[in-house]
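Residue numbering restarts at 1 for every chain, and letters A, B, ... go by the order of the sequence lines. Just so we're clear, the structure is a prediction, and the values are computed from it rather than from any experiment. All heavy atoms count here, side chains included; hydrogens, waters and symmetry mates do not.
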Number of protein chains: 2
Amino acid sequence: MTLDRRKRKILESVIKDYVETAEPVGSRAIVRRHALNVSAATVRNEMADLEEMGYLEQPHTSAGRIPSQKGFRYYVDCMMQSEVLSDEELDLLQKYLQEQAQEWQQVFYSVGQFLSQVTNYASFVILPPVKISQFQYLQLLPIDSGQALVLLVTDVGIIMHRRIDIPEDIQPEDLQAISNLFNRALRGRRLEDIYRSDLQLLREELKDRRRVIDRTLDTVEALLSQTGEEKVFISGALNILREPEFKDLEKIRRILMIFEEDELFKDVIPQEVSNTVDICIGRENESEEMQEMSVVFAGYHTGREMGRVGVIGPMRMEYWKAAGTVESVRIIMEAFLRDNMR
Amino acid sequence: MTLDRRKRKILESVIKDYVETAEPVGSRAIVRRHALNVSAATVRNEMADLEEMGYLEQPHTSAGRIPSQKGFRYYVDCMMQSEVLSDEELDLLQKYLQEQAQEWQQVFYSVGQFLSQVTNYASFVILPPVKISQFQYLQLLPIDSGQALVLLVTDVGIIMHRRIDIPEDIQPEDLQAISNLFNRALRGRRLEDIYRSDLQLLREELKDRRRVIDRTLDTVEALLSQTGEEKVFISGALNILREPEFKDLEKIRRILMIFEEDELFKDVIPQEVSNTVDICIGRENESEEMQEMSVVFAGYHTGREMGRVGVIGPMRMEYWKAAGTVESVRIIMEAFLRDNMR
DNA sequence: GTTAGCACTCTCTTTTATTGAGTGCTAAAC
DNA sequence: GTTTAGCACTCAATAAAAGAGAGTGCTAAC
């Protein structure tokens, strides 16, 4: 499992060159471009060894070598040095964040934009599901004669709303009373608990009361029913069109469709995330369609919840750059959320 | 400018076959597939005429003919019979609308989904800019100690909100008083007028009053500053990957990037829209990137505002189907908005 | 253990033939 | 005058053949 110094150097050279050129790398090219003090023939012997060990493979007999999935894995595990963000990139990220600091969701969007711009891969930011946060506040507001707004605010300041019809004769005080009713019953409860049980109880309790209460209950239920979903921001998905290994339009279409459909996409990214950068290479991905792609990602905390952030690119990926960028972004984003939001 | 019966029949045959197969159409194929009571030689002569007149063109000498842009234009203007939605399609549209009827914006999204699914082209729905609608209602709501929500509701029920910091000691009644202040001053005014002038006046008038008022003014201004944008829903953009004429990945990327960026996209669709279906074929489009695509669109009314809806596909498009579908959708959507919303 | 040398392999590119769909033109038929 | 059969001709697309070149694996010498 452990390789000697020279083999490692050669493996690294193959990876670097292949990532850059997308072409198989030959022995001569390696001695020329990387200061190996040996001849091409020696490199050839070493490469033959590396192939036998499974770290390299040959598209056909008379071609150079390309790194195998196992080769990338070894590199990532045992040799890679993450490349940290440059000062310019840090400035850029700060600018992105500054500009869009007002709205909670905008922060994630900006981070995604930054990630895809800096890495040239598709980036994603998956927000923690809303259902874990707490009910803080419900307010019924009259908007028009016969219409009211049901407004629901969570402890992290997420706001949901929907309009309902109400009888014309109802007074603002009544609406306020109903709001208070809900607030007394639900304040501080987790949304998922409310959805699962509290709402039922409340419904029992309030049976045969006013129509508006029923409507409100229904509306709250409808609003909560969506809180299980995790919002996804994807940027730079079209970058894969630039990768020379993707020529098959039907394959591209399938991948882009996953990027388009949040529900599909979420299943592509592993659920269990740690706080450190994790990497799935090629067939390590569970998803059928992602067998030729790699995912570099990390979990991030927003208070007690956890979201996921990362990039997706071809297996022939600049892992060092991607890993460093994702890691930096994770840290800066966490800090930003802690300091500027709520 | 006017073609005799037989020439029209032949032009139509070429268009139908070419749209279906994406291959140049030969004289023999025409007599075989369409019940022309003449020989291939006759058709050849007619086709030569049509080519000379500019309605057909030949990729190379020994190929069949394909319709030129002018040919499509003639067909669309003088021969086309729009194909109305089938009963199943109408049912499907109803289902889409029923399911998503709750939220104003969802309606447009559903309509877009339907359009792209039925036509297999990319669809778009451009919403009228919010700024034309009227200020109905502003409410300051305390959420947390030191935080309040500024809530702005328009006459068509669009809701905008943002959180602001407020002094801890401020009372709910104060917030209500400030809300009332704004409401008295702004109710019924158009958002764009408020943004352009009223807000300035109000600022003068309220100078040196409480900090919260200032904050609120700033927030309202910030909210209104975005109301000039027209929201765009696009569906089925990836359908273009299926069209055989699009093989060049760089070209595809440029087109998809336009679909991704609302600001770019809006410029691709003509501004002046009537209430009937309009068609831009190939180079009739102003946009550089859309020279090989066609747009079938119509304007729709939502009260006094006007939005745009339509589909985008290759020049080799089923115009009859697209035009009929867009027209039906426009009518049904207008009716639905009128009856179910507000 | 390392390296020069060389035969060998296999893709990629270029060249050459072959095929076939489709045209345009001419002359005869209607 | 219009239509049609017939035929030579054109040109892309496909297939087959030839050539070039990058790179390997192996052998033998250092």
Seminar exercise, completed: A:E23 CD to C:dT11 C1', in whole Å, measures 12 Å
Exercise. A:D49 CG to C:dT2 C1': how many Å, rounded?
Worked result: 14 Å
Exercise. Can we say A:K321 and A:E89 salt-bridge, meaning some charged N sits less than 4.0 Å from an Asp/Glu carboxylate O?
Worked result: yes
Exercise. For the pair made of CG in A:N45 and C1' in C:dT2, what is the distance, rounded to whole Å?
Worked result: 9 Å
Exercise. Any ion pair linking B:R8 and B:D4 (charged N to carboxylate O, less than 4.0 Å)?
Worked result: no
Exercise. Within less than 4.0 Å of OP1 or OP2 of C:dA21, is there a side-chain N or O belonging to B:S62?
Worked result: no
Exercise. Where the side chain of A:Q113 meets the backbone of A:S235, is there a donor-acceptor pair that is under 3.5 Å apart?
Worked result: no
Exercise. So what does B:T61 touch, heavy atoms closer than 4.0 Å: a base, only the sugar-phosphate, or nothing?
Worked result: sugar-phosphate
For this session: Answer yes or no: is there an ion pair linking B:R283 with B:E292, defined by an N-O contact shorter than 4.0 Å?
Result: no
Exercise. Atom CE of A:M47 to atom C1' of C:dT2: distance rounded to whole Å?
Worked result: 17 Å
Problem set entry | Check ion pair A:E51-A:R65 (N to O, under 4.0 angstrom) | yes
Exercise. Rounding to a whole Å, what distance do you find between A:Q58:CD and C:dC8:C1'?
Worked result: 13 Å
Problem set entry | Contact boundaries on DNA chain D for chain A, cut-off under 4.0 Å to non-hydrogen atoms | D:dA22 to D:dG25
Problem set entry | A:N37 CG to C:dG1 P, straight-line distance once rounded to whole Å | 19 Å
